[in-house]
Number of protein chains: 2
Amino acid sequence: MVDYQERFDIIIKKLKDNGHKITPQRIGVIKIMAGSEGHPSVEKVYEQLQNEFPTMSLATVYRTVLLIKSLGEALELGFPDGSNRYDANKPYPHPHVICVKCGKIIDPDISSLQDMQQEIADETGFKILTHRLDFFGICSDCPS
Amino acid sequence: MVDYQERFDIIIKKLKDNGHKITPQRIGVIKIMAGSEGHPSVEKVYEQLQNEFPTMSLATVYRTVLLIKSLGEALELGFPDGSNRYDANKPYPHPHVICVKCGKIIDPDISSLQDMQQEIADETGFKILTHRLDFFGICSDCPS
DNA sequence: ATTTTAATTGAGAATGATTACTATTTAGTA
DNA sequence: TACTAAATAGTAATCATTCTCAATTAAAAT
């Protein structure tokens, strides 16, 4: 888990540097996304902001998430069922371990991924830009 | 690339064994999906069947793909932009290398994935069921 | 501190991929 | 050949996401 305040400041600065306005709604969304370890969905972010911003539009959350993503400050995780979840705490590609029962997502430590990427590049002739690695299973809190 | 005829026969047999009827439409869909190396989308399968079945419904392709998937004979690859592509030639989890320009998908050989899965299980306490590993980049046929 | 202006917002409509529905057709069995 | 449950075609419904547009507002200029 990267320091929340640091991530918050970086994202706010990036918005300013690119000429975007700092609105209360954006601050609210970024507060949640920069500090969240749980890889929240847009709906979850929206729900968490209902107390502070009762009249906030769901579209605003979508727009803000899209903006942060386009600035490279959030990682989007799309799943086969169509759901999307986001990580603005560690916005660079990294592996995930996902519980198929409760939806929990954790970030494991893996050593050998960099070697693998080079191996792939050599074998296929591709210029590799990014990657995605997810493991699906059942966590120790859920009945298997 | 697994032998086309073998995959075709296996999928047809699985349908029969589970009490599903063998219709011309299903044969058409399976013919394409069992032999295709290009990981086609539902739309692509539908287009390729237009000559043989001009009145076929897109819904039928969706239903057939869903059925094959539920029988474990097709792998679904969902992407962040919402598109889905399928592999019924190699229906078990395996890595992909995807060109972000032209959409080409190829299957590289990777050695160390099994070790990695065990490492993850030990570290997180998860019972790992499946995984997904994709590399995104630009292929040697596309201008970079 | 006001004014100005372009960006942002809220609310709801539009979109697009997928699934559900229903009357009709058909595969597989006797 | 007839029977019956399953499958199909065509279309409507769904649902997450994006778009539209009038009203609001952040931030720069005065």
Side-chain angles (χ1 to χ4, degrees), chain A residues 11-33 39-71 74-86 103, chain B residues 11-33 39-71 74-86 103:
Chain A
I11 298 173
I12 293 292
K13 179 172 190 316
K14 197 144 197 178
L15 284 180
K16 283 182 184 167
D17 288 351
N18 287 76
H20 300 288
K21 293 180 178 174
I22 307 304
T23 66
Q25 292 91 334
R26 285 180 173 167
I27 290 174
V29 170
I30 294 168
K31 264 187 190 171
I32 290 173
M33 294 188 64
H39 308 73
S41 63
V42 167
E43 276 292 341
K44 273 278 181 297
V45 174
Y46 178 67
E47 284 168 19
Q48 290 192 52
L49 289 168
Q50 287 294 15
N51 289 331
E52 195 178 353
F53 302 94
T55 70
M56 190 180 199
S57 171
L58 181 56
T60 297
V61 183
Y62 272 104
R63 278 187 293 239
T64 305
V65 169
L66 186 67
L67 177 60
I68 297 173
K69 193 177 62 173
S70 72
L71 294 173
L75 191 68
E76 183 179 59
L77 298 176
F79 295 102
D81 67 356
S83 64
N84 283 309
R85 294 171 65 172
Y86 298 88
Chain B
I11 298 173
I12 294 293
K13 181 173 189 315
K14 196 145 198 178
L15 285 180
K16 283 182 184 167
D17 289 352
N18 287 77
H20 301 289
K21 294 182 179 173
I22 308 303
T23 65
Q25 292 91 336
R26 283 180 175 169
I27 291 174
V29 171
I30 294 168
K31 265 188 189 171
I32 290 172
M33 292 188 65
H39 307 73
S41 62
V42 167
E43 276 291 341
K44 273 278 181 298
V45 174
Y46 177 66
E47 286 169 19
Q48 290 192 53
L49 289 168
Q50 287 295 14
N51 289 331
E52 197 179 352
F53 302 94
T55 71
M56 190 182 200
S57 170
L58 182 57
T60 297
V61 182
Y62 272 105
R63 278 185 297 240
T64 305
V65 168
L66 186 67
L67 177 60
I68 298 174
K69 192 177 66 174
S70 72
L71 294 172
L75 192 69
E76 183 178 61
L77 300 176
F79 294 102
D81 66 357
S83 64
N84 283 309
R85 293 171 65 174
Y86 298 88

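A, B, ... follow the sequence lines: proteins, then strands. Residue 1 opens every chain. Because the structure is a prediction, the values reported are computed rather than measured.
Atom CD in E76(B) sits 12.5 Å away from atom CD1 in I68(B) (nearest 0.5 Å). Going from atom CD1 of I22(B) over to atom CD1 of I11(B) covers 11.0 Å, rounded to the nearest 0.5 Å.
Annotation: of the two residues near DNA chain C, K16(B) and S83(B), the 5′-most nearest-nucleotide partner is S83(B). Nearest-nucleotide positions on DNA chain C place T23(A) closer to the 5' end than the other of T23(A) and A59(A). Along DNA chain D, the nucleotide nearest K21(A) and the nucleotide nearest F53(B) are compared for position; the residue whose nucleotide lies closer to the 5' end is F53(B).
Shown here for R85(B) and F79(B), the closest heavy-atom pair between the two residues is CD-CE1, 4.1 Å. Taking every heavy atom of both residues into account, M33(A) and A74(A) meet most closely at CE-CB, 4.3 Å. Nearest heavy atoms, V29(B) versus M56(B): CG2-CE, 3.9 Å.
Listed pair Q25(B) / dA27(C) fails the phosphate criterion, with no side-chain N or O lying under 4.0 Å from OP1 or OP2. Between dA7(D) and H20(B), a contact under 4.0 Å exists linking OP1 or OP2 to a side-chain N or O. Within the structure, every side-chain polar atom (N or O) of S57(A) is placed at least 4.0 Å from both OP1 and OP2 of dT9(C).
With rounding to whole Å, Y46(B) atom OH is found 14 Å from dT18(C) atom P. The distance from atom CG of N18(A) to atom P of dA6(C) is 20 Å, rounded to the nearest whole Å. Here dA9(D) presents its C1' atom at 8 Å from CZ of R63(B), a figure rounded to the nearest Å. Between M56(A) atom CE and dA11(C) atom P the separation is 11 Å, expressed in whole Å. Rounded to whole angstrom, the span from the CD1 atom of I12(B) across to the P atom of dA27(C) amounts to 13 Å. Note: OH (Y62(A)) to C1' (dC15(D)) measures 9 Å, nearest angstrom. What separates CG of L66(A) from C1' of dT8(C) is a distance of 14 Å, to the nearest Å. Residue N84(B) contributes atom CG, which lies 13 Å from atom C1' of dG16(C) at whole-angstrom precision.
For I22(A), whose side chain is taken as the heavy atoms from C-beta onward, the closest listed nucleotide among dT9(C), dT8(D), dA27(D) is dA27(D). Proximity note for L58(A) (side chain, C-beta onward) versus dA27(C), dT17(D), dG12(C): the nearest is dT17(D).
A donor N or O paired with an acceptor N or O is not found under 3.5 Å between the base of dA27(C) and the side-chain atoms of R26(B).
Backbone-only contact: P24(B) has heavy atoms under 4.0 Å from sugar-phosphate atoms and none from a base.
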